[in-house]
**Q** 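One structure coming up, written as structure tokens, with questions to follow.
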2 protein chains.
Amino acid sequence: MAARQDAQQADVPAICKSCEARQDRLCGALSARQLAELAEASSMHEVLAGTELPDDGTYSNLLSGVVKLTRDLSDGRQQIVGFHFAPDFLGRPFEAKRPIKAEALTNVALCSFPRTLVDRMANETPELGRRLLKHALNELDDARDWMAALGRKTASEKVASFLLMVARNIDPAHRPASSISFDLPLTRADIADFLGLTIETVSRELSRLRLDGAIRIANKRQISLASIAQLEARCGD
Amino acid sequence: MAARQDAQQADVPAICKSCEARQDRLCGALSARQLAELAEASSMHEVLAGTELPDDGTYSNLLSGVVKLTRDLSDGRQQIVGFHFAPDFLGRPFEAKRPIKAEALTNVALCSFPRTLVDRMANETPELGRRLLKHALNELDDARDWMAALGRKTASEKVASFLLMVARNIDPAHRPASSISFDLPLTRADIADFLGLTIETVSRELSRLRLDGAIRIANKRQISLASIAQLEARCGD
DNA sequence: CGTTACGTTGAAACTCATCAATCGCAGTGG
DNA sequence: CCACTGCGATTGATGAGTTTCAACGTAACG
């Protein structure tokens, strides 16, 4: 039994071993055999910040970095409709009715797979299909949370909620009450496009939070959440 | 072969036959045998307008009527995050992190199934799992479309987009250019809660559309879209 | 250094919310 | 039958919050 496990372990592609942490996610549904087949067909990419990810129908694990998803109106107005923080799964089964663009906010490392292979494995392996569904439903929950924020929160509530969301995603293991520091992977313009505001309003609300002692801002992008309790009190939900 | 098909047809539960139109959807993934088992365990409900649907973990086909999904902020502000128009599938695999309430906007007829049974069938039948995933992704697309509307559209664009969306869902077979009439299944308050506006603003924008000849309003709820082209020109995307 | 991109801050303008009055209509009960 | 009430909707006047327009600051880079 132990021998057999070892044998299976030995079959795990080397490239996946350093990625073990991510196996809790989609790849964790696969047998060592499937993993080997997938690894065989996979390819690693690095994408520079500011580059649009091609919508070539591949699926990817996001190994590092942050990606934004945007929907554009015809006159150029833009709305960010979601983010992917590493480690996350990236890619869309079936075609969407309306195009959504994906762009790297930071430099990004991807491990990509051909769609057909993953779809086939999803048919063979119910657990993989289940994880794809769960992943989609998590994205749906997030989208609906932000619908509530976009429709019903004030500008300052939106900014406070946004900072907490980024912190949770960048440091999922954060102890609730302690303070956190991180590099904002977004420009003010990106934040505005996510929160349905202007960059000026975002800037003003950040300044207000800073003056009130809820956050500290070093060097524009380097944010530390000094008082998470204060932010939570201001986030409106 | 024909005989066998007839035999299968004969196995289709009587209750499902009158529902054949809906079989394009989820139930269409099932064999006659599975359908019989599902019908055995299913139950029909009628829910009155204004009633909250219990979150008892069952799945349902929505046979007639309209349902709203809402997310509430702690201070009572409310956002509608989605609708279900018959025929549609209703129910959520896995638990959501944050509660979403479902409420009947009109009287509603449901055909409900126990969750465990559907989940088991989804494991046995990849096609069913695929349809669940596709359904979730469609809801995600809708949610993201409305994120863009909530974040980036003006009040009048929101109202125009909303009317077109309702028309598309109530009469999916509409010829694009022709005019459509329907009963709005929502109060002004519901519309406001969906579009992130106040009832007064909704009312004013509807009046404006009426004065401009884009729509006609008889008896508050009875709307006819006189000029779909004009609405599309005003919907902002 | 000049240039460019990103961010901050101030003043004015505008959209939409708030407050308030009125209307139409359905139900209810005198 | 008609007043009374209640709810949803419309419309107007006013005001707050956010956008727009504009100026300036700061850091990175040729």
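As the structure is a prediction and not an experimental result, all values here were calculated from the model. Reminder, nothing fancy here: chain letters follow the sequence lines and each chain counts from 1.
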**Q** Hey, does the side-chain of B:E205 have a donor or acceptor N/O within less than 3.5 Å of a partner on the base of C:dC16?
**A**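 Side chain to base: no pair present.
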
**Q** Report, as yes or no, whether the 6.0 Å neighbourhood of atom CG on B:N219 holds more than 12 heavy atoms from other residues, nucleotides or ligands.
**A**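 No, CG of B:N219 has 12 or fewer neighbouring heavy atoms, counting only those of other groups under 6.0 Å.
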
**Q** How long is the line joining CD of A:E200 and P of D:dA23, in whole Å?
**A** 14 Å

**Q** Going by heavy atoms closer than 4.0 Å, what residues in residues 66-75 of chain B are next to DNA chain C?
**A**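 Result for residues 66-75 of chain B: none.
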
**Q** Rounded to whole angstroms, how far apart are CD1 on A:I199 and P on D:dT20?
**A**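 Those two atoms, CD1 and P, are 11 Å apart.
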
**Q** Measure the shortest side-chain to side-chain distance between B:L137 and A:R92 over non-hydrogen atoms and say whether it is less than 4.5 angstrom.
**A**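 Side chain of B:L137 against side chain of A:R92, heavy atoms only: contact under 4.5 Å found.
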
**Q** Hey, does A:T201 reach any base, or is it just sugar-phosphate, or nothing, if we go heavy atoms under 4.0 Å?
**A** base

**Q** Report yes if at least one side-chain N or O of A:S207 is closer than 4.0 Å to OP1 or OP2 of C:dT9; otherwise report no.
**A**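 Yes, because at least one side-chain N or O of A:S207 sits under 4.0 Å from OP1 or OP2 of C:dT9.
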
**Q** Between C:dA17 atom P and B:I191 atom CD1, what is the distance in whole Å?
**A**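 Rounded to the whole Å, the gap is 14 Å.
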
**Q** Would you find more than 12 non-hydrogen atoms of other residues, nucleotides or ligands less than 6.0 Å from B:R216 atom CZ?
**A**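 No - once you tally the heavy atoms of other residues, nucleotides and ligands closer than 6.0 Å, there are 12 at most.
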
**Q** State whether A:F94 and B:K134 meet the cation-pi test: NZ (Lys) or CZ (Arg) under 6.0 Å from the six-membered ring centroid, and within 45° of the perpendicular axis.
**A** yes

**Q** Would you say the side chain of A:R208 and the base of C:dT8 hold a donor-acceptor pair, judged only by whether the two atoms sit under 3.5 Å apart?
**A** no

**Q** Rounded to the nearest angstrom, tell me the gap between atom CG in A:L150 and atom P in C:dC16.
**A**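 Atom-to-atom, A:L150 to C:dC16, this comes out as 15 Å.
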
**Q** Between B:R152 (CZ) and D:dT20 (C1'), how many Å, whole number?
**A** 13 Å

**Q** Once you apply a heavy-atom cut-off of 4.0 Å, does A:L206 come out as touching a base, just sugar-phosphate, or nothing?
**A**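 The answer is nothing, as A:L206 stays clear of every strand by at least 4.0 Å.
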
**Q** Under 4.0 angstrom, heavy atoms only, what part of the nucleic acid is A:L197 near: base, sugar-phosphate, or nothing?
**A** sugar-phosphate

**Q** With side chains defined as the heavy atoms from C-beta onward, is the minimum distance between A:I191 and A:V159 less than 4.5 Å?
**A**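 They are not in contact (no side-chain heavy atoms under 4.5 Å apart), so the answer is no.
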
**Q** Check whether any side-chain nitrogen or oxygen of B:R210 sits under 4.0 Å from OP1 or OP2 of D:dT11, and answer yes or no.
**A**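 Checking D:dT11 against B:R210, a side-chain N or O does come within under 4.0 Å of OP1 or OP2.
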
**Q** Looking at A:R77 and A:D193, is there a salt bridge between them, counting it only when a charged N and a carboxylate O are closer than 4.0 Å?
**A** no

**Q** Rounded to whole Å, how long is the line connecting atom CG of B:N219 with atom P of D:dT10?
**A** 11 Å

**Q** Rounded to whole Å, how long is the line connecting atom CG of A:L211 with atom C1' of C:dT9?
**A** 12 Å

**Q** So does A:R115 have more than 12 non-hydrogen atoms from other groups sitting under 6.0 Å from CZ?
**A**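 Enclosed: over 12 neighbouring heavy atoms sit under 6.0 Å from CZ of A:R115.
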
**Q** Between A:D55 and A:K101, is the closest basic N to carboxylate O distance under 4.0 Å?
**A** no

**Q** Do the side chain of A:R77 and the base of D:dT19 come within less than 3.5 angstrom through a donor-acceptor pair of N or O atoms?
**A**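 There is none.
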
**Q** Report yes or no: is there a donor-acceptor pair, N or O only, under 3.5 Å between the side chain of A:R204 and the base of C:dG7?
**A** no

**Q** Between P on D:dT18 and CG on A:L195, what's the gap in Å once rounded to a whole number?
**A**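 Taking CG of A:L195 and P of D:dT18, I get 12 Å after rounding.
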
**Q** Is it true that B:K153 and B:D237 make a salt bridge, defined as a side-chain N closer than 4.0 Å to a carboxylate O?
**A** yes

**Q** Does any residue of residues 220-228 of chain B have a heavy atom under 4.0 Å from DNA chain D, and if so, which ones, in number order?
**A** B:K220, B:R221

**Q** Can you figure out which of C:dC16, D:dT18, D:dA9 approaches the side chain of B:A155 most closely?
**A**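 For B:A155, the side-chain atoms sit closest to C:dC16.
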
**Q** Need one value for B:T198: base, sugar-phosphate or nothing, where a base atom within 4.0 Å counts as base even if backbone is also close, heavy atoms only.
**A**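 Since a base atom lies under 4.0 Å of B:T198, the category is base.
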
**Q** Quick check on side chain to side chain donor-acceptor pair (under 3.5 Å): which of A:N138, A:D142, A:D145 does B:K97 satisfy it with?
**A**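 Among A:N138, A:D142, A:D145, the one meeting side chain to side chain donor-acceptor pair (under 3.5 Å) with B:K97 is A:N138.
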
